[in-house]
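Single-structure report; data block below.
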Amino acid sequence: MVTDSIQHVVPVEDGIPPLDIQSETEVFREQGGAGFTVTKNIAIVRSTGEHLQIHVASVRDGKTGAVCVAEQILPDGTSAFLLARHWRVSTSQWAWEFPRGMGADDEDSRDTAVRELSEETGITVSRDQVKILQHIHADTGVLRDDIAVARVLLSEEDSQSCNPTDWELSNSLYIPASTVCQMIAGGEITDGITLAAWSVYCAHFLFGTNA
C-alpha cells in the first residue's frame with residue numbers, strides 16, 4: 001500500500017520512531033492452511049535503552065486481503081448491503097460479517113475481492129464492479145496485515161444469484177444502511193473488520209465527498 005501520497009486532514013509531524021528494531025526472527029510457521037506466522041522482534045526503547053521482545057503475527061506473509069462491502073442500489077434509490085452469517089472458531093460464535101478473505105499469489109486487491117465474494121456467496125462479478133476505497137489494518141498492535149476495503153456494486157441479477165458455498169457460512173441477507181447501523185448499535189455486528197469497512201464506506205459515501 002502506498003501511503004506517502006495521503007493528504008493529512010489533521011496536520012501531523014511524526015518524530016523518530018520510539019523503538020529501534022534490532023532483529024526479527026521467525027519463530028513459528030504453519031504448514032499449509034493460512035500460512036500463519038509469528039515473528040519475534042528485538043527492539044530498544046530509544047529514550048531509555050530498555051530492551052523489548054515483541055511478537056507479531058501474520059497470515060500469508062501479510063499479503064493484502066479484501067473485505068467486500070457489496071451494495072445493491074434499489075429502484076427507489078436506496079441501498080441494501082450483503083451481510084453473511086459466519087461460524088468462527090476463534091470465538092465459538094456466529095457473527096454477521098461482510099464477505100472477506102486473504103489474498104493469493106499473483107492477485108491484486110480487486111481480484112481478491114472478486115474471488116472471495118464468489119467463493120463465499122456464489123456471486124460472480126467483474127473487476128469493473130469493484131472499487132478499492134482504501135486499506136486498513138485489523139490490529140496494528142499485533143498483526144502484520146493489509147486489508148483492502150472494496151465497494152462492490154451488485155446488479156439485481158447479481159443479488160439474486162447469492163448461494164452461500166463456504167462451509168463457515170450459513171446464510172446471508174441484504175440489509176438497508178439504517179438497519180446495519182441499528183445492528184452495530186445493538187451489538188449484533190461485532191467483527192472488527194466489518195465494523196472498520198462500514199466506517200470507511202460511510203466516510204466515503206454517506207458523510208464524505210462522494211455523499
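The structure presented is a predicted model; accordingly, all values stated were derived computationally and were not measured.
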Does [X] use its side chain to pair, donor to acceptor, with the backbone of [Y] at less than 3.5 Å?
X    : Y    : result
R110 : I132 : no
T194 : F98  : yes
T179 : I175 : no
E107 : A104 : yes
S47  : V45  : no
Q129 : S126 : yes
S199 : A196 : yes
D145 : A138 : yes

Would R127 and D108 satisfy salt bridge (charged side-chain N to carboxylate O under 4.0 Å, His left out), going step by step from the backbone distance to the final call? CA-CA 10 Å; R127 284 173 49 90; D108 65 15; 2.9 Å; yes
Considering all heavy atoms, the nearest R46-P17 contact: NE-O, 2.5 Å
Any idea which heavy atoms bring S58 and R144 closest together, and the distance? CB-O, 3.4 Å
Given side chains that start at C-beta, do those of V56 and L143 come closer than 4.5 Å, heavy atoms only? no
Measure up the F81 and Y201 rings against each other and bin them: parallel (under 30°), tilted (30 to 60°), perpendicular (over 60°). perpendicular
I want to check a possible cation-pi pair here: R29 against F36, using under 6.0 Å from ring centre and within 45° of the ring axis as the test. no
Please determine if R100 and D191 form a salt bridge, counting it only when a charged side-chain N lies under 4.0 Å from a carboxylate O. yes
